[in-house]
2 protein chains.
Amino acid sequence: MDHRIPDADDLGHVIRDARKAQGLTQDQLAGMTGTGRRFISELENGKDTAQLGKVLLVLAALGIALYALSKWK
Amino acid sequence: MDHRIPDADDLGHVIRDARKAQGLTQDQLAGMTGTGRRFISELENGKDTAQLGKVLLVLAALGIALYALSKWK
DNA sequence: ACGAATTGTTACCTATCGGTAACTTTTTAT
DNA sequence: ATAAAAAGTTACCGATAGGTAACAATTCGT
């Protein structure tokens, strides 16, 4: 499934859904990505000050690919 | 055109390409998004500590949509 | 309903993000 | 080639991200 990600809330939902679909706890996901459980919790709840690199780490760990769709190039 | 975004470098390229395709300077893009020119410069050069919310602002300002492609849901 | 597991939240703390502004380097136009 | 514009970079500095750890609230399975 693909989801448009206009804001941090949407990303949080996608991440939470994917994590649960794979039967992972926040603790496990944090461990897999070298982050902390607090970060995962806040991220899933739409924190928009989350750092890009860590967000991409989490997405990769969950097997979620990000696409940028530009009408310009 | 759509681009996969595995890391911050790729995002930077997409943003730079879109900005140039629209004939904008970093200064103008910073003004449009309430950020600073330094942020745009670093973002285009792949800074992975950029904050998610600001990144999404920049993408929106450039008319770039983000999609998350998950095989799980 | 009850206990355990999971998640949310707070305090504490160090590292650093990013705005402004100045200066340097690179790119672009003529 | 040269001057102007754009982009890169640095210093300065207030604000805050996020790790750990402890506690509270919530969600589970049975």
Side-chain angles (χ1 to χ4, degrees), chain A residues 1 3-66 68 70-73, chain B residues 1 3 5-68 70-73:
Chain A
M1 270 296 293
H3 277 272
R4 230 185 79 108
I5 311 290
D7 54 47
D9 281 325
D10 296 279
L11 186 67
H13 286 131
V14 168
I15 287 173
R16 170 161 292 163
D17 289 346
R19 175 178 62 80
K20 294 207 156 179
Q22 297 176 49
L24 296 169
T25 67
Q26 291 183 345
D27 232 346
Q28 292 174 313
L29 183 54
M32 294 164 60
T33 53
T35 64
R37 194 171 62 76
R38 169 182 165 183
F39 176 74
I40 303 296
S41 175
E42 292 182 334
L43 179 58
E44 288 187 349
N45 284 297
K47 184 172 214 184
D48 59 12
T49 51
Q51 294 184 3
L52 178 62
K54 300 189 182 197
V55 171
L56 295 177
L57 275 180
V58 170
L59 291 175
L62 290 171
I64 300 172
L66 258 199
S70 166
K71 36 189 167 193
W72 302 96
K73 185 180 177 188
Chain B
M1 269 296 293
H3 277 273
I5 312 290
D7 55 46
D9 282 324
D10 296 278
L11 185 67
H13 286 131
V14 168
I15 288 174
R16 170 161 291 162
D17 289 346
R19 175 179 62 79
K20 294 207 155 181
Q22 298 177 48
L24 296 168
T25 66
Q26 291 184 342
D27 233 344
Q28 292 173 314
L29 183 55
M32 295 164 62
T33 53
T35 63
R37 194 170 62 75
R38 169 181 163 183
F39 175 75
I40 302 295
S41 175
E42 292 182 334
L43 179 59
E44 288 187 352
N45 284 297
K47 185 173 213 183
D48 59 11
T49 51
Q51 292 184 3
L52 178 62
K54 301 190 183 196
V55 172
L56 295 176
L57 275 180
V58 170
L59 290 174
L62 290 171
I64 300 172
L66 256 200
Y67 284 88
S70 165
K71 35 188 167 190
W72 302 95
K73 185 180 178 185

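A, B, ... follow the sequence lines: proteins, then strands. Residue 1 opens every chain.
Distances shown here put every side-chain N or O of Ser41(A) at or beyond 4.0 Å from the OP1 or OP2 atom of dT7(C).
Asp27(A) places its CG atom 8 Å from the P atom of dT7(C), with the value rounded to the nearest Å. We find that CG of Asn45(B) is positioned 18 Å from P of dA6(D), with the value rounded to whole Å. The distance between atom CD of Gln26(A) and atom C1' of dT27(D), rounded to the nearest whole Å, is 12 Å. The NZ-P distance, from Lys47(A) to dT7(C), rounds to 18 Å in whole Å. The distance between atom CG of Leu52(B) and atom C1' of dC17(C), rounded to the nearest whole Å, is 14 Å. Look at CG on Leu57(B): it is 16 Å from C1' on dC17(C), rounded to the nearest Å. Between Arg16(A) atom CZ and dT6(C) atom C1' there is a gap of 11 Å when expressed in whole angstrom units. dT26(D) atom C1' lies 14 Å from atom CD of Glu44(A), rounded to whole Å.
Here Glu42(B) lies out of heavy-atom contact (under 4.0 Å) with every strand.
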Worked check of side-chain contact (heavy atoms from CB on, under 4.5 Å) between Asn45(A) and Arg16(A)
CA-CA 9 Å; Asn45(A) 284 297; Arg16(A) 170 161 292 163; 3.8 Å; yes

Chi angles and distances behind the side-chain contact (heavy atoms from CB on, under 4.5 Å) call for His13(B), His3(B)
CA-CA 10 Å; His13(B) 286 131; His3(B) 277 273; over 6 Å; no

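Looking at Leu43(A) and Lys54(A), their side chains never come closer than 4.5 Å, going by heavy atoms from C-beta outward.
Nearest heavy atom pair, residue Ala18(B) against residue Leu62(B), reads CB-CD1, 4.2 Å. Lys47(A) and Ala8(A) make their closest contact through O-CB, 3.8 Å (heavy atoms, listed as atom of the first residue, atom of the second, distance).
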Between the protein and nucleotides 23-27 of chain C, list every N/O to N/O distance that falls short of 3.5 Å.
none

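The main-chain N or O of Asp10(A) is found under 3.5 Å from a side-chain atom of Asp7(A) such that the two form a donor-acceptor pair. For Ser41(B) (side chain) and Arg37(B) (main-chain N/O), no donor-acceptor pair under 3.5 Å exists by modelled atom type.
Here the side chain of Arg38(A) is nearest to one of dC12(C), dA7(D), dG19(C), namely dC12(C).
Each of Leu24(A) and Thr49(B) has a nearest nucleotide on DNA chain C; the 5'-most of these lies closest to Leu24(A). When each of Arg19(A) and Lys54(B) is assigned the nucleotide of DNA chain C bearing its nearest heavy atom, the one mapping closer to the 5' terminus is Arg19(A).
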